[in-house]
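Heads up, the thing below is written out as structure tokens.
A, B, ... follow the sequence lines: proteins, then strands. Residue 1 opens every chain.
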Amino acid sequence: MTQYRAIRGMNDILPEETPLWQYLEQQVRLLLGSYGYSEIRLPLVEQTELFSRGIGEVTDIVEKEMYSFPDRNGDSLSLRPEGTAGCVRAVCQHSLATVVQKLWYSGPMFRYERPQKGRQRQFHQVGVEAFGIESADIDAELILLSARLWKNLGIDGQLELQLNTIGSAETRTAYRAALVEYLRDFEGVLDEDSVRRLDTNPLRILDSKNRSTQRLLDNAPALLDYLDTSSAEHFQQLQELLRAVGLDFTLNQRLVRGLDYYNRTVFEWVTDALGAQGTVCAGGRYDSLVQQLGGKATPAAGFAMGMERLVLLLQGLGDAPVTANPADVYFVAAGEGAQKLAFQIAEQLRDQLPERQLLVHCGGGSFKSQMKKADKSGASLAVILGDQEVSDGTAGLKKMRHADAQGRQQTLLQSELAGQICELLKQEG
RNA sequence: GUGGCCGUAGCUCAUCAGGUAGAGCACCGGAUUGUGGCUCCGGAGGUGGCGGGUUCGAGACCCGUCGGCCACCCCA
């Protein structure tokens with residue numbers, strides 16, 4: 001029984017899983033680079049106020065999910081529950097938005113929630129943000145690059161794009177009033193959470209999972225009818241751009257986001273392969289956030305993707321796209337002299353083959369047990385050194401998993417070893 | 001925060017009217033002298049999450065607690 005456990009909801013990513021994470025991160029990095037986005041690295045901790053002002057005081061994230069604590073000087077700090085607020089803060093602080101900025105970041109986020117499939121208390125997001133562009137083309141680009149990432153990862157078949165617009169602040173004020181007026185009449189039949197939201201955040205009622213609430217909404221006023229003309233045009237342009245490149249999407253009028261800063265475009269990539277946490281990537285436009293956080297008015301749009309959820313999708317692919325790297329050469333060394341010799345030869349070989357994985361056996365043991373380790377390492381070649389080789393200047397070189405038992409092992413001079421290994425590895429590619 | 005299911009070796013799990021625990025995989029060693037993969041033999045490894053209760057006796061029953069999973073909620 002282990003004495004210490006990781007904090008609930010904060011999981012270790014074990015060596016077995018890291019190759020898949022590295023693969024995912026690499027694909028993300030390449031793709032974002034190809035669209036001209038630059039990485040920005042941000043602190044995990046910010047002033048609590050940045051989040052309450054940015055995300056919204058009455059959102060669940062701020063109300064009950066933040067890890068907040070007083071700093072030693074009494075300031076209230078919080079572990080970031082999302083990345084956009086901090087990114088906007090950095091953009092303002094360093095006056096980055098004097099020109100168009102296309103940025104991305106990745107790292108852990110923290111929310112105090114009950115863990116379940118696809119949901120941790122410490123989880124990882126990659127966020128992508130574009131500052132300084134008001135037109136719908138950047139909305140389209142953000143969506144297109146995410147679509148391309150799914151394709152590159154081979155998970156595009158499992159994802160569907162849902163799209164909506166929530167218009168301007170005025171749109172929502174007017175619509176909110178109409179929606180509340182409509183729903184008040186059904187207060188008796190609404191589910192408990194939706195009743196509460198009538199006062200706090202009525203738009204969130206739209207994406208309630210409650211079936212009877214959803215039925216009530218069938219006859220509710222539609223946000224589209226309250227849309228201001230420029231938002232309507234913006235939305236129209238976005239759809240045209242997406243259609244122009246043949247990207248499928250579903251209009252979902254009940255799609256609203258849980259963070260207050262969004263306006264106009266909102267979108268989600270959803271899957272039914274992950275149980276209840278089906279949103280893998282989501283975002284939208286947030287034109288007033290920069291100004292709201294003290295910067296110059298700057299239009300902006302962005303999205304975030306949940307890395308754990310993407311990893312789950314990749315793992316579900318069956319054919320694991322990545323596995324652990326097998327070794328190339330394993331040095332079996334029995335005896336003190338052989339150990340020294342193995343290190344010498346291996347170090348020399350590392351100069352010539354920096355890309356190859358060379359393992360020198362450590363920890364002693366019989367030839368037999370060392371050979372077992374060599375086999376398990378996946379190495380294609382084993383170098384065998386013992387007292388005899390030390391004294392006569394030779395080395396055994398064995399091709400592991402070689403069909404022909406006869407030609408499997410050769411004895412050669414130590415001076416020939418490096419050249420022969422290079423040659424054999426080159427043959428294998 | 002609420003609810004359902006679950007908690008036995010590193011991992012996956014079993015056993016039994018309640019009588020103080022097993023298998024497979026993994027690990028270690030051996031099967032002729034210094035050599036892997038297959039097979040065979042052997043070994044190590046568990047205060048049965050923790051605490052309390054019922055009982056002559058509990059891993060098995062009851063209560064509590066902690067933890068896990070899933071769902072609500074929330075959201076990436």
Problem - CD/Glu187(A): more than 12 non-hydrogen atoms of other groups inside 6.0 Å - result: yes

Problem - Side-chain donor-acceptor contact under 3.5 Å, Thr298(A) with Gln291(A) - result: no

Exercise for the section: Report yes or no: is there a donor-acceptor pair, N or O only, under 3.5 Å between the side chain of Gln370(A) and the base of U35(B)? Expected result: no

Handout entry: Integer-rounded Å distance: C11(B) C1' and Glu16(A) CD
Key = 10 Å

Problem - Whole-angstrom distance between G48(B) and G22(B), as gauged at atom C1' - result: 12 Å

Handout entry: Integer-rounded Å distance: G3(B) C1' and Glu192(A) CD
Key = 13 Å

Practice task
Using whole Å, report how far CD1 of Ile61(A) lies from P of G1(B).
Solution key: 19 Å

Fill in the blank from the handout: Letter by letter from the 5' end, nucleotides 37-42 of chain B scores (B base, S sugar-phosphate only, - none; protein heavy atoms under 4.0 Å) B-----

Practice task
For Met371(A) and for Tyr262(A), locate the closest nucleotide of RNA chain B by heavy-atom distance; then report the residue assigned to the nucleotide nearer the 5' terminus.
Solution key: Met371(A)

Exercise for the section: Would you classify Ala304(A) as touching base, sugar-phosphate or nothing, given that sugar-phosphate means primed atoms plus P, OP1 and OP2, and contacts are heavy atoms under 4.0 Å? Expected result: sugar-phosphate

Handout entry: Protein-nucleotide distance (Asp387(A), atom CG; U35(B), atom C1'), rounded to Å
Key = 15 Å

Exercise for the section: State, without any angle test, whether Ser231(A) and Arg264(A) hold a side-chain donor-acceptor pair at a distance under 3.5 Å. Expected result: yes

Completion exercise
In this structure, CD1 of Ile55(A) is separated from CD of Glu65(A) (nearest 0.5 Å) by 9.5 Å

Practice task
Take atom P in U2(B) and the same atom in G64(B), then report the distance between them in whole Å.
Solution key: 14 Å

Practice task
Just call it for Lys209(A): base, sugar-phosphate, or nothing, with non-hydrogen atoms closer than 4.0 Å on any strand.
Solution key: base

Handout entry: Flag, side chain of Arg309(A) to backbone of Thr279(A), donor-acceptor distance under 3.5 Å
Key = yes

Exercise for the section: Starting from P on C72(B), measure out to CD on Gln214(A) and report it in whole angstrom. Expected result: 13 Å

Handout entry: Interatomic distance, Tyr112(A) OH vs U2(B) C1' [rounded to whole Å]
Key = 14 Å

Handout entry: G68(B) to U8(B) separation - C1' atoms, rounded to the nearest Å
Key = 15 Å

Exercise for the section: Verify the neighbour count for atom CG of Asp199(A): are there more than 12 heavy atoms of other residues, nucleotides or ligands below 6.0 Å? Expected result: yes

Practice task
Starting from C1' on G34(B), measure out to CG on Asp392(A) and report it in whole angstrom.
Solution key: 13 Å

Practice task
Classify the nucleic acid contact of Glu63(A) as base, sugar-phosphate or nothing, counting any heavy atom under 4.0 Å across all strands shown.
Solution key: nothing

Exercise for the section: Answer with base, sugar-phosphate or nothing: what part of the nucleic acid does Ala282(A) contact at a heavy-atom distance below 4.0 Å? Expected result: sugar-phosphate

Exercise for the section: Quick one: pull up CZ in Phe367(A) and NE2 in His361(A) and give me the separation to the nearest 0.5 Å. Expected result: 10.5 Å

Practice task
Have a look at Leu310(A) and say if it touches a base, only the backbone sugar-phosphate, or nothing, with a 4.0 Å heavy-atom cut-off.
Solution key: nothing

Problem - Base of G36(B) paired with side chain of Gln409(A) (donor-acceptor, under 3.5 Å) - result: no

Problem - Pair Ser377(A), Asp375(A): side-chain N/O donor-acceptor within cut-off below 3.5 Å - result: no

Exercise for the section: Using a 3.5 Å limit on both pairing distances, list the dot-bracket string of RNA chain B from the 5' end; Watson-Crick and G-U wobble pairs count, crossing pairs take [ ], interstrand pairs take |. Expected result: (((((((..((((........)))).(((((.......))))).....(((((.......))))))))))))....

Practice task
Considering only atom P, compute the distance from C62(B) to A21(B) and round it to an integer number of Å.
Solution key: 22 Å

Exercise for the section: Evaluate whether atom CD of Gln93(A) has more than 12 neighbouring non-hydrogen atoms of other residues, nucleotides or ligands under 6.0 angstrom away. Expected result: yes

Handout entry: Rounded P spacing from G49(B) to C56(B) in Å
Key = 24 Å

Practice task
Assign Arg197(A) to base, sugar-phosphate, or nothing according to its heavy-atom contacts below 4.0 angstrom with the strands shown.
Solution key: sugar-phosphate

Problem - Residue Gln162(A) excluded, over 12 heavy atoms near CD under 6.0 Å - result: yes

Practice task
Between G19(B) and G4(B), how far apart are the P atoms? Round to whole Å, please.
Solution key: 30 Å

Fill in the blank from the handout: Assert: residue with more 5' nearest nucleotide on RNA chain B, out of His124(A) and Gly365(A), is Gly365(A)

Atom pairs, protein N/O to nucleotides 66-70 of chain B N/O, distance under 3.5 Å:
from   : atom 1 : to        : atom 2 : distance (Å)
G68(B) : OP2    : Arg8(A)   : NE     : 2.5
G68(B) : OP2    : Arg8(A)   : NH2    : 2.7
C70(B) : OP2    : Lys117(A) : N      : 2.6

Completion exercise
note: Arg211(A), atom CZ; C72(B), atom P; distance rounded to Å ~ 13 Å

Handout entry: Side-chain H-bond candidate by donor/acceptor type, Ser168(A) with Asn263(A), under 3.5 Å
Key = no

Practice task
Provide the distance between the two P atoms, one in U47(B) and one in U55(B), to the nearest whole Å.
Solution key: 28 Å

Exercise for the section: Compare all side-chain heavy atoms of Trp150(A) with those of Asn152(A) and state whether any distance is below 4.5 angstrom. Expected result: no

Problem - Over 12 non-hydrogen atoms of neighbours within 6.0 angstrom of CD in Glu336(A) - result: no

Problem - Greater than 12 external heavy atoms within 6.0 Å of Glu16(A)'s CD - result: no

Problem - P spacing across the pair C66(B) / C13(B), given as an integer number of angstrom - result: 25 Å

